[in-house]
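Structure first, commentary second.
A, B, ... follow the sequence lines: proteins, then strands. Residue 1 opens every chain.
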Amino acid sequence: MLQINFIKENKEEIIRLLAIKNFKAAELIEEVILLDDQRKGTQKILDDQLAESNKLAKQIGVLYKSGEAEKANEYKQKTAELKQSSKKLADDLALTSKTLTDKILEIPNVPHPSVPAGKSDADNELIYEEGEIPALIDDAKPHWDLAKKYDIIDFDLGSKVTGAGFPFYKNQGARLQRALINFFLDEAIAAGYSEYQPPLFVNEDSAYGTGQLPDKEGQMYHIGEDNFYLIPTAEVPITNIYRKVILKEEDFPIKNVAYSNCFRREAGSYGKDVRGLNRLHQFDKVEIVQVQHPEKSYETLESMKDYVASLLRKLELPFRIVRLCGGDLSFTSALTYDFEVFSAAQKRWLEVSSVSNFENFQANRLKLRFKDKDGKTHLAHTLNGSALALPRIVAALLENNQNAEGISIPSALRNYTGFDLIS
RNA sequence: GGAGAAUUGGCAGAGUGGUCGAAUGCGGCGGUCUUGAAAACCGUUGAGGGUCACACCUCCGGGGGUUCGAAUCCCUCAUUCUCCGCCA
């Protein structure tokens with residue numbers, strides 16, 4: 001969420017930039033400013049009344065001790081009245097504050113000036129492309145057929161045991177999964193990240209902290225009895241490590257990596273895009289998360305982008321990087337780079353990673369702050385990126401590397417898989 | 001799952017109805033001393049709201065209550081520890 005003072009001080013600029021996200025903010029912002037003034041006004045009156053009550057309560061104590069019970073009772077009468085009206089004021093204040101917070105929560109993060117205008121992914125800006133799109137053999141198959149042919153992923157079995165979008169990985173398919181997870185983790189550790197193994201369920205506060213609540217409830221699996229949410233990404237538990245934390249400046253940069261299962265209900269998805277591994281309810285992902293000083297967060301975003309590119313290069317996959325346009329940018333992000341690999345048999349670019357700078361938007365919700373040299377506290381910046389999500393990487397590897405003998409494994413992975421060929 | 005104990009500032013730990021946002025120690029920061037450092041000594045050191053700045057208000061695990069007044073009493077939830085049960 002944006003900070004109220006930031007909104008007040010940069011009203012016009014915010015409205016202008018949010019227009020790039022196709023968000024009409026003017027009215028909402030006026031409302032928010034009005035509510036905040038209202039909040040302050042009510043609080044001032046309440047504070048004065050509480051101050052008066054506090055003073056009287058102290059005097060009553062003194063009066064009792066000196067035996068002036070009559071006077072004390074008179075004061076008691078006064079505090080009783082004050083108590084009634086301050087109770088009402090406190091209720092008003094709570095309501096105003098709640099309304100204010102709810103309204104601010106409706107305002108998306110302000111996009112970075114480099115974010116191009118646009119409505120959909122068609123308007124994303126291509127900024128980089130690398131690798132050769134492979135020429136496939138004559139009877140090249142999409143990955144769901146290859147999965148069956150080599151008996152490495154069983155979608156039907158998953159449907160039987162759980163439901164659509166929960167596949168079984170088998171034999172060389174299962175080993176490929178493990179290989180990719182270990183490869184991604186080892187690479188991240190070599191790049192200076194600390195590995196975490198997070199819980200796969202989080203509580204309500206954590207789901208709120210990274211912005212999944214109050215808005216995207218429908219996207220998460222929820223365990224009603226214990227009020228836990230299944231994580232849609234390791235970003236949620238890893239970033240929430242720093243909820244209500246005040247860091248020291250020398251703690252920066254914090255670089256964490258975590259492998260986790262990810263669970264997404266994907267309500268509303270349908271059609272050809274969801275075939276095979278393209279969209280699952282449960283999948284595996286290695287996520288990198290950084291917490292940075294505000295002055296360095298964009299530098300960090302670039303380094304994370306370069307890091308993800310290095311992974312795809314090692315996997316020998318043709319990829320491109322796009323800068324998301326305003327319309328495609330998520331609610332919480334200020335700037336996002338998407339990585340897409342070309343899946344040759346489907347003849348499609350598949351999104352495999354999203355690297356984002358949230359600036360202080362998440363930090364504000366999380367109350368993630370740091371103390372500067374003068375002892376003042378400021379909000380930190382948070383960033384994250386997939387490095388990488390497995391299913392579409394697997395889809396591309398299977399499709400792009402298929403040949404007459406089987407599916408060849410890129411050399412960077414062979415030490416991890418223990419085999420060169422899926423056959 | 002059952003029984004008991006606990007939860008206070010960065011940490012340790014006092015505080016059982018008013019003078020407590022909270023003793024004391026450690027740690028941190030600033031200073032004196034020193035060629036420099038250590039030691040010693042002096043000072044300072046939680047967060048949020050509010051204000052030009054003060055004043056003032058809120059916060060002692062979360063929420064609710066009793067009282068003129070709550071860190072302190074009551075209810076409730078969470079967490080931690082110990083014992084019993086079960087168990088990878």
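Separation of the C1' atoms belonging to B/A12 and B/A6 is 16 Å when rounded to the nearest angstrom. Across B/G27 and B/C77, the matching P atoms stand 42 Å from one another, rounded to whole Å. Here, B/C29 and B/U19 have their P atoms 34 Å apart, quoted to the whole Å. A distance of about 27 Å separates the P atoms of B/U35 and B/C26, rounded to the whole Å. Separating the P atom of B/U67 from that of B/C84 is a span of 44 Å, rounded to the nearest Å. Rounded to the nearest Å, the gap between the C1' atom of B/C57 and that of B/U51 is 12 Å. Atom name P, nucleotides B/C81 and B/U8: the rounded distance is 14 Å, in whole Å. With both ends at atom P, the span from B/G31 to B/G21 equals 32 Å, rounded to whole Å.
A/Lys78 comes within contact range of no nucleotide atom at all, as no heavy-atom separation falls under 4.0 Å. Within the nucleic acid shown, A/Lys371 comes within 4.0 Å of sugar-phosphate atoms alone, with no base atom in reach, counting heavy atoms only. When heavy atoms are screened at a 4.0 angstrom cut-off, A/Thr377 is found touching the sugar-phosphate backbone but no base atom. Within 4.0 Å of A/Asn73, counting heavy atoms only, lies no atom of the nucleic acid at all. A/Leu56 comes within 4.0 angstrom of nothing in the nucleic acid, heavy atoms only.
In this structure, A/Gly209 and A/Arg365 approach most closely via the heavy-atom pair O-CB, 3.6 Å.
In this structure B/A53 sits in no base pair that meets the Watson-Crick or G-U test at under 3.5 Å. Nucleotide B/G17 forms no Watson-Crick or G-U wobble pair with any nucleotide shown, as no partner meets the under 3.5 Å limit on both distances. For B/A88, there is no paired base (Watson-Crick or G-U wobble, both distances below 3.5 Å). Remark: B/A5 base-pairs with B/U80. Criterion, Watson-Crick or G-U wobble with two distances under 3.5 Å. When both pairing distances are held under 3.5 Å, B/U44 makes a Watson-Crick or G-U pair with B/G28.
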Side-chain polar contacts of residues 18-29 of chain A - donor-acceptor pairs under 3.5 angstrom, sequence neighbours left out - could you list them?
residue	atom	partner	partner atom	Å
A/Lys21	NZ	A/Asn109	O	2.9
A/Lys21	NZ	A/Ser330	O	2.8
A/Lys21	NZ	A/Phe331	O	3.2
A/Lys21	NZ	A/Ser333	O	2.9
A/Asn22	ND2	A/Gly118	O	3.0

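A 6.0 Å sphere centred on CD of A/Glu52 holds more than 12 heavy atoms belonging to other residues, nucleotides or ligands.
Contacts between chain A and RNA chain B, taken as any atom within less than 4.0 angstrom of a protein heavy atom, begin and end at B/G18 to B/G69.
The pair A/Glu30-A/Lys11 meets the salt-bridge criterion, with a side-chain N (NZ, NE, NH1 or NH2) lying under 4.0 Å from an Asp/Glu carboxylate O. Here A/Lys160 does not pair with A/Asp156 in a salt bridge; the nearest charged N to carboxylate O distance is not below 4.0 Å. Between A/Lys87 and A/Asp91 there is a salt bridge, since a side-chain N of the basic residue sits under 4.0 Å from a carboxylate O of the acidic one. Under the 4.0 Å criterion applied to side-chain N and carboxylate O atoms, A/Lys314 and A/Glu187 are assigned as salt-bridge partners.
For the ring-ring contact (aromatic ring centres under 6.0 Å, His included) condition, the pairs that include at least one residue of residues 152-174 of chain A, sequence neighbours left out, are A/Phe166-A/His281.
Each of A/Ala57 and A/Gln43 was matched to the nucleotide of RNA chain B holding its nearest heavy atom; the match closer to the 5' end belongs to A/Ala57.
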